[in-house]
Amino acid sequence: MLRVFNDLTRRVEPFLPQTPGAVSLYVCGVTVYDLCHLGHARCYITWDVVRRYLEFSGYRVHHVQNFTDVDDKILNRAREQGEDPVHLARRFEAEYFADMDRLGILRAHSYPRATEHIGQMLSLVDCLVQSANAYPTSDGTVYFDVASFPRYGKLSGRDLDDLSQRTRLDEPDPSKHNPADFALWKGAKPGESSWDSPWGAGRPGWHLECSAMALDQLGKTIDIHAGGMDLIFPHHENEIAQSEACTHEPFVRYWVHNGFVNVDAEKMSKSLGNFSTIRQLLDRYDPQAVRYFLLQTHYRQDCDFSSEPLEAAGNALKRLQRSLADRQAALAAPTVAITEQIEQLARAFTEAMDDDFNTPRAVASLWEARARLGDLEGADRAAAGHVVARIREFGAVLGLDLAAKAAAEGDRLAAVLDIADQLREIAARYEDDDLAEARQASASQLIEALLTRRTRAKKARDFATADGIRAMLSELGITLADQPGGVTRWELAGGAAPR
RNA sequence: GGCGGCAUGGCCAAGUGGUAAGGCAGAAGACUGCAAAUCUUCCAUCCCCAGUUCGAAUCUGGGUGCCGCCUCCA
């Protein structure tokens, strides 16, 4: 039985969607005006794992994630760069997908854009004005009247009186009834792109779009609404107010939020100068290592992107993959012991994930299953591959690929590294027929040829040659591993992605 | 000022009453021409103080330290 921490009640609750077997999931998406940063990586990997686990648990998930493509930041950025705002927004949508694809994040079923839901937003504003939960001002702005919504502050634990008294020094609009009122619709300034409305030309406020699109695509009540912790107030608080004031139905059953990303123990932010993009991260670390790193921390905790733990995660993942590869071929008929081990793994994994998506424990269950493999003997040992297969299956539920890198992958990496010329130089030093033939070959073929040459040297007990080849490949970042049976495997060292 | 989070071995990190998961790093052994990899084993009493309890990392009270939200932010 899945249990989920609900920020609305601040408790872990049994997960009961409206319709048994189906889950509507709305994840707050990005404002498309810049490249995605580490916080986005954390957020979308978190909800990707949640979605994968829901599906693994048998739920039919309808996953919707918006793009905010009209907003001050976009307009400002477009002006700075002399680019059309729509063009800029579409460009960064593509960049978003490029990053998320590298991180292995499943595509949502729908990516609604704010600009394509203006009509739904205006209907919502109209509904709120009709019900006296909102009021227009002389400049064409429509504010939500927070005092008209008794439950305002419920999600974030704010007190309306307190919020109201905290009048901000730079509060620009004296026509607000209450300083805590927020804009549903913003009157357009001259020259800005805008849409016509009953209240004059303008554009939507930030909070409005999520309500309008969620209501449009998922109905009045959605099961899970997810996003970063920083969205609790004011964004999600406002979404509740504007949605429920109109529909009179609970907007969301389970509000879930992921913790922050810190860099060197401080919040990552542009002003602190410790802001980094997903791209910069992936220049240094394998996307799978990043995912593994994040899985080791519970999603509601803050996590600190620093090099040591990231490298540790890469090492751990690689060791797990290699360790499994050693047993994968043992596929004799499953024995009682093997069946028990599989059941034990499944139990530990699902218990961990059912407990508010406790991925650190889920990952640990994989390691424990792997360790038990070591105790197997005889017929049990000959069937160990079945356990390996299950460990990989559960890894996939977390979005981890626990199969060792296939030769094709190594080839791709070698090609990206463009080390063929250097390999040919090495080959030239150990001139012989095999290598002469390999002159036109790809990087991985050259490596294989060198390995063949080295194996021959080893058989002849010419260790100087064998170690020389190993040392030179090592300088190119290629690590050799002589395995029992005389087979030599190679891989790129360090877990680093190609630069 | 209001609201909230965190403090567990060298590092990361689970665990919310029953005697400290897991990973990284480190050490020892097996294997190996040597390496690497792999396998096996070892490696903490949980920020401080006072309570509750047969029993607390886990509950209560009091400290100390760190962080976040309250403005755009995933």
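Order of the sequence lines sets the chain letters (A, B, ...), proteins ahead of strands, with each chain counted from 1.
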Name the nucleic acid region contacted by A/Ala481, choosing base, sugar-phosphate or nothing; use a 4.0 angstrom heavy-atom cut-off, strictly under.
base
Please work out if A/Ala369 contacts a base, only the sugar-phosphate, or nothing of the nucleic acid, heavy-atom cut-off 4.0 Å.
nothing
Rounded to whole Å, NZ of A/Lys458 lies from P of B/rA36 at a distance of 14 Å
To the side chain of A/Leu163, which of B/rA21, B/rC70, B/rC24 is closest?
B/rC70
When both hydrogen-bonding distances must be under 3.5 Å and the geometry is Watson-Crick or G-U wobble, what is B/rC39 paired with, if anything?
B/rG29
Should B/rC72 form a Watson-Crick or G-U wobble pair with both distances under 3.5 Å, which nucleotide is its partner?
none
Does A/Asp482 get its side chain close enough to the base of B/rC34, under 3.5 Å, for a donor-acceptor pair?
yes
Would you say that A/Glu209 contacts A/Pro112 through its side chain, given a criterion of any heavy-atom pair below 4.5 Å between the two side chains?
no
With heavy atoms under 4.0 Å as the rule, sort A/Ser156 into base, sugar-phosphate or nothing.
sugar-phosphate
Could you work out which one of B/rC34, B/rA74, B/rG23 sits closest to the side chain of A/Cys43?
B/rA74
Side chain of A/Arg10: nearest nucleotide among B/rG33, B/rC24, B/rG4?
B/rG4
Say whether, by atom type as modelled, one donor and one acceptor occur between the side chain of A/Arg42 and the main chain of A/Asp302 under 3.5 angstrom.
no
d(CZ, A/Arg158; P, B/rG4) in whole Å:
10 Å
Sugar-phosphate, base or nothing in reach of A/Asp326, heavy atoms under 4.0 Å
sugar-phosphate
Do any side-chain nitrogens or oxygens of A/Arg461 fall under 4.0 Å of OP1 or OP2 in B/rC34?
no
B/rG23 base to A/Asn315 side chain: any donor-acceptor pair below 3.5 Å?
no
Determine: side-chain N/O of A/Arg322 to OP1/OP2 of B/rU38, distance under 4.0 Å, yes or no.
yes
Between B/rC39, B/rA14, B/rA74, which one does the side chain of A/Arg319 approach most closely?
B/rC39
Checking N1-N3 plus N6-O4 or O6-N4 for Watson-Crick, or N1-O2 and O6-N3 for wobble, each under 3.5 Å, the partner of B/rG61 is B/rC49
Need one value for A/Phe233: base, sugar-phosphate or nothing, where a base atom within 4.0 Å counts as base even if backbone is also close, heavy atoms only.
sugar-phosphate
Considering every strand shown, what is the Watson-Crick or G-U wobble mate of B/rG10 when both distances are under 3.5 Å?
B/rC24
Round to a whole Å and report the spacing from CZ of A/Arg370 to P of B/rC39.
5 Å
I want to check something: taking the side chain as every heavy atom from C-beta on, are A/Glu448 and A/Arg453 in contact at a cut-off of under 4.5 Å?
no
Assign A/Gly259 to base, sugar-phosphate, or nothing according to its heavy-atom contacts below 4.0 angstrom with the strands shown.
base
From CE of A/Met229 across to P of B/rG68 the rounded distance in Å is 13 Å
With no angle test and no hydrogens, is the base of B/rA35 tied to the side chain of A/Arg470 by a donor-acceptor pair under 3.5 Å?
yes
Per atom distances to the A/Thr297 side chain, the nearest of B/rA74, B/rG23, B/rA13 is B/rA13
Using a heavy-atom cut-off of under 4.0 Å over every strand shown, decide if A/His37 touches base, sugar-phosphate, or nothing.
base
For the P atoms, the ones on B/rG15 and on B/rC54, what distance do you get once it is rounded to whole angstrom?
28 Å
For A/Leu317 and for A/Asp375, find the nucleotide of RNA chain B with the closest heavy atom, then tell me which residue's nucleotide is more 5'.
A/Leu317
When you check the phosphate oxygens OP1 and OP2 of B/rA21, does a side-chain N or O of A/Ser365 lie under 4.0 Å from one of them?
no
Does A/Gln81 have more than 12 heavy atoms from other residues, nucleotides or ligands lying within 6.0 Å of its CD?
yes
Have a look at A/Phe293 and say if it touches a base, only the backbone sugar-phosphate, or nothing, with a 4.0 Å heavy-atom cut-off.
nothing
From the list A/Thr488, A/Thr465, A/Asp482, side-chain hydrogen bond (donor to acceptor under 3.5 Å, both in side chains) partner of A/Lys458 resolves to A/Asp482
Both distances below 3.5 Å, Watson-Crick or wobble geometry, any strand: find the nucleotide opposite B/rC66.
B/rG5
Base, sugar-phosphate alone, or nothing: which one does A/Leu480 contact when heavy atoms must sit under 4.0 Å apart?
base
Given the options A/Arg77, A/Lys189, A/Lys186, A/Asp72 meets salt bridge (Lys or Arg N to Asp or Glu O under 4.0 Å) only with A/Lys186
At under 4.0 Å, does any side-chain N or O of A/Arg300 touch on OP1 or OP2 of B/rG5?
no
May I have the distance from A/Phe260 (atom CZ) to B/rC72 (atom P), rounded to whole angstrom?
13 Å
Which whole-number value in Å describes the distance from A/Asn262 CG to B/rC69 P?
10 Å
What do the steps show when you test A/Phe97 against A/Tyr111 for ring pair (Phe, Tyr, Trp, His ring centres under 6.0 Å), and what is the final call?
CA-CA 11 Å; A/Phe97 283 125; A/Tyr111 289 96; 4.9 Å; yes
Sort out the partner of B/rG18 for me: Watson-Crick or G-U wobble, both distances under 3.5 Å, none otherwise.
B/rC54
B/rA74 C1' sits how many Å from A/Tyr299 OH, rounded?
14 Å
Please lay out, stage by stage, how A/Tyr254 and A/Phe5 fare under the test ring pair (Phe, Tyr, Trp, His ring centres under 6.0 Å).
CA-CA 8 Å; A/Tyr254 299 88; A/Phe5 184 88; over 10 Å; no
N or O in side chain of A/Asn358 less than 4.0 angstrom from B/rG15 OP1/OP2:
yes
On RNA chain B, check which nucleotide each of A/Cys28 and A/Ser306 is closest to and give me the residue with the more 5' one.
A/Ser306
In whole angstrom, what separates A/Arg361's CZ from B/rG23's C1'?
16 Å
Would you mind telling me which of B/rC70, B/rA21, B/rC6 lies closest to the side-chain atoms of A/Gln301?
B/rC6
So what does A/Val27 hit on the nucleic acid, given a heavy-atom distance under 4.0 Å: a base, only sugar-phosphate, or nothing?
nothing
May I ask whether A/Trp367 stacks on the base of B/rG23, given the cut-offs of 5.5 Å between ring centres and 30° between planes?
no
